[in-house]
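Below is one structure, written out as structure tokens, with a few remarks after it.
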Amino acid sequence: NDRTVRTPSTDNSPLQIFVKAKKKINDIFLEIEDYVNDTVIYMKKIEEDQHIIDKEQVKQIDTFKAKVLGIKDVLARDHMKVAFFGRTSNGKSSVINAMLRDKILPSGIGHTTNCFLQVEGSPTDEPYLVLEGSTDHCAVESVGQLAHALCKEKLNESQLVKVYWPRNRCVLLRDDVVFVDSPGVDVSPNLDEWIDKHCLDADVFVLVANAESTLMVTEKNFFHKVSTRLSKPNIFILNNRWDASANEPEFLDQVRRQHQERAIDFLVKELKVCTAKEAEERIFFISAKEALLARLSERGHTSPTPLADGFQTRYFEFQDFERKFEECISKSAVKTKFEQHTQRGRFIATELKESLDKIYTDAQKIKDEKIEKRKDLHDKMNYTEQQLMLITHEMKQKIHHMVEDVEQRVSKALNE
Ligand code: GTP
Ligand code: MG
């Protein structure tokens, strides 16, 4: 689509691993669907004409039709899900906006996000939102409207509001990435419900930490809970607000090292979700606010603002994070989403093959039996023929003897 916001790396983006795998597995299921349909038609035909298969067999294969449709349906909805957590005001909504290259989610000082917000691609050109438990589309065009719409509703913080944003406005949405923004982990005591409702199907978690302070116990506890429910969740740690370091350049390296060590310890020693080497690729020092401003001005939406020292380095690091994130999420989603489909597809294909094999061997058996019967008949005829011949031969001889006997007797009688 012409209006899709493109970056030079769009088509070799790691997200393509998922996009291509999804297309491929979808094509395979189209083929499986054809095979199932053809097999059912074929089985019904031979079921009528001859009596090789019974109705139960046809019924069993017929159930695969609905199964394949079900899988295709789930497949069409399969996406890559990333969930953002962290303390209030650390910049979760700002990070998402920077990744989406637009001010989509409300952000601001104080406690802003008061429920779960899921942003996903909409097939239409108009953005809209859908509240939990409803199917109504509420039109929204701007962040202001979105914030207003969310304030108007009395929302509970575990509730989910889905924001559908036009796919052609962002490549991440076009490629089926779904973002979940959350209220601060320090706000809600109901973390278990959050995990049950919003985290179990997430492919990647992003912990948005505040580089001006340090990782907090509430943030750590939340991820301890997550990792007891999910085996080795993929967690990225963003030390956001790193632009603050520009004010204290003399401490920059020291502070960075301190954050880095603590974050590595947390992932490797506490959560035990990855190795130290892997953890290095999961921890970034960024400024979401700057990244979003840079992107908005790249697109001419705002005039360039004077940026703090070290902006370029932070912006590169933000882009580096995006690349590593894309690689991680697409690989993880292919595995978690498609492994099951592959197994089911393989099961259906094997069942089809076994059914057709059975029909073939049964038909072969019937054919062999017929040949056997014919041979049997043939043998029997031969035997009767032989018997007949034997009998005729015997009869001939008997008659011959009788005639001879009669002749002898007659001539003897004549002589006498
Ligand atoms: P809640 O929704 O309230 O939990 O907050 P949040 O984590 O979503 O934070 P949000 O994105 O709303 O950001 C809070 C405030 O911090 C906003 O005013 C942002 O503009 C600002 N902010 C976000 N990221 C940065 C950053 O990297 N640097 C600076 N200086 N400010 C930032
Ligand atoms: Mg927020």
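Note: hydrogens, waters and symmetry copies are ignored here, and every other heavy atom, side chains too, is used. We count ligands from 1, going down the list as the structure has it; atoms in each ligand are counted the same way.
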- prompt: What do you reckon, does Ser89 have a nitrogen or oxygen under 3.5 Å from a nitrogen or oxygen of ligand 1?
  reply: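 Yes, Ser89 has an N/O under 3.5 Å of an N/O on ligand 1.
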
message: Counting only nitrogen or oxygen atoms and a 3.5 angstrom limit, does Asp181 reach ligand 1?
response: no

Per-atom contacts, ligand 1 versus [X] - under 4.0 Å to a heavy atom:
X: Asp243; result: 26 (C), 27 (O), 28 (N), 29 (C), 30 (N)
X: Thr113; result: 1 (P), 2 (O), 3 (O), 8 (O)
X: Gly184; result: 4 (O)
X: Ser287; result: 26 (C), 27 (O), 28 (N)
X: Ser107; result: 10 (P), 11 (O), 12 (O)
X: Ala288; result: 27 (O)

query: Does a side-chain N-to-carboxylate-O contact under 4.0 Å join Asp203 and Lys331?
result: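 A salt bridge is absent here (no side-chain N lies under 4.0 Å from a carboxylate O).
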
message: Nearest non-hydrogen contact with atom 22 (N) of ligand 1 belongs to which option: Arg241, Glu212, Arg87?
response: Arg241

field: 2.8 Å cut-off met by an N, O or S atom of Thr88 to the Mg ion (ligand 2)
entry: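 Here the distance criterion (N, O or S atom, under 2.8 Å) is not met by Thr88, so no.
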
- prompt: Does any N, O or S atom in Ser107 come within less than 2.8 Å of the Mg ion (ligand 2)?
  reply: no

message: Is it the case that the side chains of Asn97 and Asp102 hold a donor-acceptor pair, with the cut-off being a distance below 3.5 Å and no angle test?
response: no

Asp357, Thr350, Leu356 screened by side chain to side chain contact (heavy atoms under 4.5 Å, CB included) with Lys353, the one that passes: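 Of the listed residues Asp357, Thr350, Leu356, the side chain to side chain contact (heavy atoms under 4.5 Å, CB included) partner of Lys353 is Asp357.
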
CZ/Phe338: more than 12 non-hydrogen atoms of other groups inside 6.0 Å: yes

- request: Determine, using heavy atoms of Gly108 and all atoms of ligand 1, whether some pair is separated by less than 4.0 Å.
  value: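 Right, Gly108 reaches ligand 1.
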
field: Phe284 ring center near Phe318 ring center (under 6.0 Å)
entry: no

query: Do Phe205 and Val226 come close enough that some side-chain heavy atom pair is under 4.5 Å?
result: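 Touching, per the 4.5 Å side-chain cut-off.
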
query: Do Asp136 and Val130 come close enough that some side-chain heavy atom pair is under 4.5 Å?
result: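 Of all side-chain heavy-atom pairs linking Val130 with Asp136, none is under 4.5 Å.
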
task: Please say whether the positively charged group of Arg169, taken as NZ for Lys or CZ for Arg, lies over the ring of Trp165, i.e. under 6.0 angstrom from the six-membered ring centre and within 45 degrees of the axis.
output: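 Arg169 over Trp165 ring: yes.
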
